[in-house]
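Structure first, then comments.
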Amino acid sequence: MCDEANTPTLRACIDLPLRQDELLEVTAKAKDYAIMHGAAMRSKTNYSADALNFAPFVLVPSSFPRKEFEKAIALQPIINRLMHNVAHDEEFITTTLAETVKVDEFTADLFNIYKKVLANGFTQRTSLGMLRSDLMLESGCPELLPKHACDGEAMDEGKGVSTAATAGGGGDDEDEAKGSNVNTNLPKIYQNTVKTPTTAKAASKATSTATKKSGAAYCCWKQVEINTIASGFGHLGPASKTIQSFVLRELGHADKLKNMPKNDALSGLCDGMVKAWDIYGKKDAVILFIIEDISYNICDQRFHEFYIREQYPHIKVVRRTLTDVHKLGKLGQCKELLLDGIEVAVIYFRAGYEPGHYHSQAEWDARYLMECSLAIKCPSIQYHLAGTKKVQQALAQPAVLERFINDPEEIKAVGKIFTGLYSLDDNDAGNSTYEMALKTPERFVLKPQREGGGNNVYGLEIPEALKKMSRVERSAWILMDLIHPPLSKGYMVRPGGDMPPTVVDMVSELGIFGVIIGDADHIVHNYQAGHMLRTKLSTANEGGVAAGLGALDSPYLIDSDDEGEYN
């Protein structure tokens, strides 16, 4: 959640509020437009396989600094390669997860499959990675603060642990931290207005003040997480742009459309599956989607399937649950995966990322069967483990990045995106993290090794959660600095929501998709594949659209020299 009193607000793409009659008319149109263009979901509260609700959406696009968006796009192939290298480093994965697998049963079950596959040798060495790097703007960016504030005062009583206002991974040399309280490399306006903050909150406030006065773009974004399994919204990301483009035209703002970036996420991701199918090389083999027993986010999944069927009609797509695979699946003579006699070339997991998807040992046996097969997996078991929070926490250390990236400039660029990520293992570092979390919990979020949303613990709820854990149990979690994004204002439209909607304060999370295909020795394809934007109320912690807490959105790119960029 945001400390709204001290948080700057990005300028809306159009003047708000709208006249009530205009708002009522365009919102009603947009709801119908969303359903008729596939921006829809099945209701969790009143489920019917025969009915759809429009997915929650923001009426007009939310502003995002152009330079930061372009940086994120450019960086994605490097992140793809980083995660590919991590997934193929047995020693790193094994060492990093050693404590976690002792106390997290789900991660341990995944790891056991990984070890068994390793022992027998990978039948299929090629993996398909369809990743999503999620990020948020940081309004308390260290680059806008005096160096002493970032490197000295923001340290936790000499323990070497950065606060929520820092980029994580430590600061500069101690001698530099003892220097002037003002960074003379900053624009003059910063030198005149920014004093040395003594707390992360004060640092954020000072940065916000300087940013407002200077009109400069927010200078950095921070990575929330990297998703390596079921990286959704490849359809709903572009669909949200379609809805909002329609709304802007209806409101007489067609001139604004040029600032909404092209988004080919659906085609980019589906083409990745087709490239993997081509590599497999058997014309009668199919692409298998592993799905949940009940798929609420049905449009996002089906549009992937329909795109492939429409653009590549010679490729068949089938949808099966883990339970179905256990009942119908077997390995052929060459370890090809056969489902009722049909050979599978590519497996795309839209389920299997949380314990509830494995109802019994049968589903785990099905996962192992697929991992032993010749089919190309998205993700393979090693890619799945590479996406755990514990691995990402380890990657936030600069020395670790050097293991996987050779180029010093790339190491520097990736290192800047990490916020503070801290181990809670039962050792000196983990125990220091524990004490820090109890002392200043409002600075952090506590994360388990899970995907799908709704699993994190925030702020003042952290001490109670930690005190219930044993020292060993804490190893299943990591602590992360709370990011302080700028606010935006807009209308959030939900099924059953108020009509007309009211202007609310919101914060956004940008996801950049990437596709990478290769084995331990060679990368065949590596590219950025579009984006998505999720927006939530500024007072909310979790923000998943499928979980009912966020809304579809798309970025409206603004430049740092735009007049009145910040309100």
Side-chain angles (χ1 to χ4, degrees), residues 83-94 97 107-131 228-230 272-290 315-353 357-358 361-387 515-526:
M83 298 308 295
H84 182 84
N85 292 340
V86 168
H88 290 91
D89 191 324
E90 176 189 355
E91 181 187 7
F92 178 74
I93 289 178
T94 301
L97 294 177
T107 305
D109 287 337
L110 294 171
F111 187 77
N112 287 338
I113 290 177
Y114 173 63
K115 296 301 288 185
K116 286 194 291 184
V117 174
L118 273 175
N120 296 326
F122 286 100
T123 304
Q124 177 56 261
R125 298 182 71 245
T126 298
S127 292
L128 165 61
M130 298 204 305
L131 316 178
T228 62
I229 183 169
M273 286 187 265
V274 172
K275 292 177 190 299
W277 184 90
D278 286 335
I279 290 171
Y280 191 83
K282 292 191 179 181
K283 65 182 181 63
D284 294 327
V286 303
I287 296 176
L288 168 64
F289 284 25
I290 298 295
I315 303 176
K316 186 175 181 180
V317 175
V318 298
R319 292 163 56 86
R320 300 289 185 270
T321 65
L322 288 167
T323 307
D324 292 334
V325 173
H326 179 257
K327 293 177 180 177
L328 305 173
K330 66 177 183 178
L331 299 185
Q333 290 185 345
C334 298
K335 292 190 177 182
E336 65 273 23
L337 178 63
L338 302 174
L339 286 179
D340 265 351
I342 300 172
E343 186 169 354
V344 176
V346 177
I347 305 171
Y348 173 43
F349 286 93
R350 286 299 293 248
Y353 54 83
H357 296 161
Y358 300 84
Q361 186 59 41
E363 286 71 31
W364 284 108
D365 291 344
R367 181 69 187 269
Y368 179 60
L369 178 75
M370 289 185 283
E371 295 297 337
C372 292
S373 77
L374 192 62
I376 297 174
K377 274 76 68 176
C378 176
S380 57
I381 192 68
Q382 63 267 37
Y383 255 97
H384 192 164
L385 291 172
V515 171
I516 186 165
I517 307 175
D519 59 26
D521 301 315
H522 300 97
I523 294 174
V524 182
H525 299 285
N526 180 16

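Taking the six-membered ring where the residue is Trp, H357 and Y353 present perpendicular rings, their angle passing 60° and hence far from 30°.
Side chains of Y280 and Q124 form a contact here, defined as non-hydrogen atoms less than 4.5 Å apart. Residues Y368 and V117 meet the side-chain proximity criterion, which asks for heavy atoms closer than 4.5 Å. Between L110 and W364, the closest side-chain pair of non-hydrogen atoms falls below 4.5 Å. Counting heavy atoms from C-beta on, the side chains of L97 and I93 come closer than 4.5 Å. Looking only at side-chain heavy atoms (C-beta outward), M273 and F289 come within less than 4.5 Å of each other. With contacts defined as side-chain heavy-atom distances shorter than 4.5 Å, the pair D324/T321 qualifies.
The two residues A285 and W277 make their nearest non-hydrogen contact at O-NE1, 2.8 Å. Here the shortest heavy-atom pairing between F92 and D89 reads N-OD1, 2.9 Å. Closest approach of M130 and V515 over heavy atoms only: CG-CG2, 4.3 Å. Contact record, H88 with R125: NE2-O, 4.3 Å, taken as the closest heavy-atom pair. Contact record, L338 with E343: CD2-CA, 3.8 Å, taken as the closest heavy-atom pair. Of all non-hydrogen atoms in T123 and S373, the two that sit nearest each other are CB-O, 3.7 Å.
Note that OH of Y383 is 6.0 Å distant from CG of L131, once rounded to the nearest 0.5 Å. To the nearest 0.5 angstrom, T323 atom OG1 is 10.5 Å from L328 atom CG. Atom CD1 of I113 is separated from atom CG of L118 by 12.0 Å, given to the nearest 0.5 angstrom. Of the inter-residue distances, the one linking M83 atom CE with T228 atom OG1 reads 6.0 Å to the nearest 0.5 angstrom. Annotation: the span from D284 atom CG to I342 atom CD1 amounts to 10.5 Å, rounded to 0.5 Å. One distance of note links CG of L339 with NZ of K327; it measures 13.5 Å at 0.5 Å rounding.
In this structure, the side chain of Q382 does not engage the main chain of S380 through any donor-acceptor pair within 3.5 Å. Looking only at distances, no side-chain donor or acceptor of H384 sits under 3.5 Å from a matching main-chain atom of C378. Side-chain N or O atoms of H326 include none that pairs as donor or acceptor with a backbone N or O of L322 at under 3.5 Å.
Taking the charged nitrogens against the carboxylate oxygens, K115 and E90 do have a contact shorter than 4.0 Å, which makes a salt bridge.
A side-chain contact (heavy atoms from CB on, under 4.5 Å) with L128 is found for one member of V346, I516, I347, V524 and no other, namely V346.
The neighbour count for E91 CD, taken as heavy atoms of other residues, nucleotides or ligands under 6.0 Å away, does not exceed 12.
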*Start with the C-alpha gap between L337 and M370, add the side-chain angles, then the distance that decides, and say whether side-chain contact (heavy atoms from CB on, under 4.5 Å) holds.*
CA-CA 7 Å; L337 178 63; M370 289 185 283; 3.9 Å; yes
_Full working for salt bridge (Lys or Arg N to Asp or Glu O under 4.0 Å) between R367 and E371_ = CA-CA 6 Å; R367 181 69 187 269; E371 295 297 337; 3.2 Å; yes
